[in-house]
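Reviewing the structure listed below.
Bear in mind that the values here come from a model prediction, so they are computed numbers and not experimental data.
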Amino acid sequence: MNLTRTAALLASLVLASCAQPPQVSDAVTKPAPETAAKPPLPKVVTRKPEPREPPLPAVELSESLLFKITLAEIAAQRGQPHVAVPAFLEVARETRDPRIARRATEIAWNARFLPAALEAATLWLQADPESTRARQTVISLLVNQSRLDDAQPHLEKWLSGDPENVGQNFLQLYSLLSGHQDKAAIQRLIARLVSFHPQVPEASLALAQAAWNADDVATALKSSREALRLRPGWELAALFQAQALQRDSVDEAAAFLGDFVKTHPGARDARLNYARLLVRAQRYPEARKQFEILLGEAPNNAEIAMAVATLSMQAKDYAAADTQLRRALEIGAKDPDMVRMYLGQVNEELKRDSEALKWYSSITHGAQFIPAQARYAGVLARQGRLQDARKHLHGVNPGDVRQRMQLTLAEAGLLRESGAYQEAFDFLGEALSRSPDSPDLLYDHAMAAEKVNRLDVLEANLRRLIALQPDHAHAHNALGYTLADRNQRLPEARTLIETAHRLAPNDPYILDSLGWVLYRLGENEAALGHLRRAYEMRPDGEIAAHLGEVLWILGRRDEAQKIWTDALRVQPKNEALQGTIKRFAPVVLQSTQ
């Protein structure tokens, strides 16, 4: 009858679609809008579709079976996975057809019915034991359900069953296991797998990566060294080892990569990372030499030209930066508007205001548009044309609420930088009255309140911000630092700053605050450690002032004076730095004038 023929046609279309590679991994990498906010699914790692046809069961496509498949697919197409998944599973159990089991896996996975997805994937693997994709899917789902012991035999079979690609599969291993939250357990599992493949360099590197993510730095270093022993000159392993070394010592990481590029001069990525480490260590002449080598090898590489430009900017060689930025623009930099922004900043430093304004004006849309207009206005304000600067910002047409907020904050910044602290405070207060729960306005208004000694407003704003965003590290830090700097409510200040530190453990300004409050509490040695680390990360004038003061109080006055002198050369007008030196060693100011 016609209904039967229709069902047969639809079922044949379903089976044809099942014969295509399933879209399980697409559900992970490109989630649909309605599911994007859900917890991520485990990853399925595949290099390419399996070229062979799966073995098909000798099952007659009966009228009953046709209707089951048809109804299951209709339910799937109508967005009814609670109907489709059990229906497809029933057909998969009945037929042992890998195509049906794969379709059931896909629908269950996309619907986040993970136990059903595991059952379907297990049926798929039983029906097609040679399918790498089916085995990887089973592994991922087992890992997702914290069944690592059950996953291990599948992993061993996957790795051993593909000897030609065992190294590549080991490199993919961590991605396959990343859905599990117990990183130490993942490390133990990978270590067991590596024991079966001790001569595979990728296996050692996979263990290094797992150890690194489990905070076992010693094993990470040992395993990356083993990978390099097994494959000398392997750039990927060298880069990983440098990353691990960098955690404790930038200098040690730089020394390692320096030796590596000497023996392997063609390792361009290693050389680029070596140069960047030298920049972090402020060893600018050495860094420039490495960048020059890279430029010689790849004169048309815009990324390298940009790296040289940013290095030149850090070294305050703005003429060289200008040359390399223009070069990067000519040879097709990935983000030309960012290059134009840098060109504007470089020309500001070169006192070529008209050239800087030209570059800022050339940015007409995109992510850099509003920042460019703010810089344009900043140039006018620096020329003493504050009203023109504000007028310029008022003439910018914001594309959305976020850009309007950026313009408001930029105008407040102009007022603050011009010393109009009360006007900035009033301006931000008016904006805040229109958007009372804006995190940006609450924070900036609090900072403006500090400048006009309205600590009541500062505290009220920051506490409101913390209530709205409990993980706002800088709100905790700003309130804690304000109290510590005034020697008020020090236990409370310490609690606030320690909270900020937990939220952002590597922020140099928060480390500075932590050191400062410990100093106020009389814990000078502990304070010194945090302040040193903060200054190494960010040699800022205010951090230098704090570090020098603690050193001075500890009796290490020569070291304190050196810190202050070095910082003054870079930031001669820093008020906090100048004030601290005047209190302890005014001779330092005289010697640098």
Discussion item. Minimum heavy-atom separation for L221 and A244, please, with both atom names.
Written reply: CD2-CB, 3.6 Å
Fill in: Test item: T310 side-chain N/O and A307 main-chain N/O as donor-acceptor pair under 3.5 Å
yes
Discussion item. Counting only heavy atoms not in R538 (residues, nucleotides, ligands), do more than 12 fall under 6.0 Å from its CZ?
Written reply: no
Worksheet item: Once you round to the nearest 0.5 Å, how far does CD of E226 lie from CZ of R231?
Response: 12.5 Å
Practice prompt. Identify the heavy atoms of I497 and S513 that sit nearest to each other, and give their distance.
Written response: CD1-O, 3.6 Å
Worksheet item: Is it true that R188 and D216 have a side-chain N and a carboxylate O under 4.0 angstrom from each other?
Response: no
Worksheet, complete the sentence: Taken to the nearest 0.5 Å, the spacing of Q77 CD from I74 CD1 works out to 9.0 Å
Practice prompt. Just do the side chain to side chain contact (heavy atoms under 4.5 Å, CB included) check on V166 and E202 with the steps written out, would you?
Written response: CA-CA 8 Å; V166 64; E202 292 89 347; over 6 Å; no
Worksheet, complete the sentence: d(D335 CG, L329 CG) to nearest 0.5 Å is 10.5 Å
Worksheet item: Do Q403 side-chain atoms and I370 backbone N/O form a donor-acceptor pair below 3.5 Å?
Response: no
Item to complete: Start with the C-alpha distance between D440 and L409, add both sets of side-chain angles, then the distance that settles side chain to side chain contact (heavy atoms under 4.5 Å, CB included), and finish with yes or no.
Response: CA-CA 8 Å; D440 290 330; L409 297 175; 3.7 Å; yes
Fill in: Gap between atom CG of L272 and atom CG of L239 - 0.5 Å precision
9.5 Å
Fill in: Validation row: N461, Y443 side chains within 4.5 angstrom (heavy atoms)
no
Discussion item. Any non-hydrogen side-chain atom of R271 less than 4.5 Å from a side-chain atom of F291?
Written reply: no
Discussion item. With a 3.5 Å distance limit and no angle check, can you tell me whether S249 reaches the backbone of L245 through a side-chain donor-acceptor pair?
Written reply: no
Worksheet item: Within the side chain of H472, is there an N or O that forms a donor-acceptor pair under 3.5 Å with the backbone of A475?
Response: yes
Discussion item. For a 4.5 angstrom cut-off between non-hydrogen side-chain atoms, does L465 reach H474?
Written reply: no
Fill in: Any L114 side-chain heavy atom under 4.5 Å of L141 side chain
yes
Worksheet item: Can you check whether F260's main-chain N or O pairs, donor with acceptor, with H264's side chain at less than 3.5 Å?
Response: yes
Discussion item. Ignoring hydrogens and geometry beyond distance, is a side-chain donor-acceptor pair present between T105 and R102 at under 3.5 Å?
Written reply: no
Item to complete: Identify the heavy atoms of A328 and A305 that sit nearest to each other, and give their distance.
Response: CB-CB, 4.0 Å
Discussion item. In the structure I gave you, are the side-chain heavy atoms of R99 and D128 within less than 4.5 Å of one another anywhere?
Written reply: no
Worksheet item: Can we say R133 and E106 salt-bridge, meaning some charged N sits less than 4.0 Å from an Asp/Glu carboxylate O?
Response: no
Worksheet item: Between the main-chain N or O of D269 and the side-chain N or O of E235, is there a donor-acceptor pair closer than 3.5 Å?
Response: yes
Worksheet item: Is there a side-chain contact between E119 and R93, using heavy atoms and a 4.5 Å cut-off?
Response: yes
Practice prompt. Applying side chain to side chain contact (heavy atoms under 4.5 Å, CB included), run through Q368 and R340 and close with a yes or a no.
Written response: CA-CA 9 Å; Q368 299 302 323; R340 295 182 182 104; over 6 Å; no
Discussion item. Does S195 form a side chain to side chain donor-acceptor pair (under 3.5 Å) with R192? I'd like the steps, not just the answer.
Written reply: CA-CA 5 Å; S195 68; R192 292 196 294 270; over 6 Å; no
Response to the item:
Looking only at heavy atoms, the pair that brings L123 and A92 closest together is CD1-CB, 4.0 Å
Discussion item. Working note: R103 + D97, criterion salt bridge (Lys or Arg N to Asp or Glu O under 4.0 Å); need CA distance, chi angles, decisive distance, verdict.
Written reply: CA-CA 10 Å; R103 180 65 172 148; D97 189 317; over 6 Å; no
Practice prompt. Please test L468 against L442 for side chain to side chain contact (heavy atoms under 4.5 Å, CB included), starting from the C-alpha separation and ending with a verdict.
Written response: CA-CA 10 Å; L468 291 169; L442 283 166; 3.7 Å; yes
Fill in: Spacing of L277 atom CG and Q243 atom CD [to the nearest 0.5 Å]
10.5 Å
Practice prompt. With rounding to the nearest 0.5 Å, note down the distance linking CG in L207 to NE2 in H197.
Written response: 13.0 Å
Worksheet item: Is atom CZ of R280 surrounded by more than 12 heavy atoms (other residues, nucleotides or ligands) closer than 6.0 Å?
Response: no
Worksheet item: Any side-chain heavy-atom pair from N213 and Q187 closer than 4.5 angstrom?
Response: no
Fill in: Nearest non-hydrogen partners of F88 and I69, listed with the distance
CZ-O, 4.4 Å
Worksheet item: So, for V138 and L118, which heavy atoms are closest and what is the spacing to 0.1 Å?
Response: O-CD1, 4.1 Å
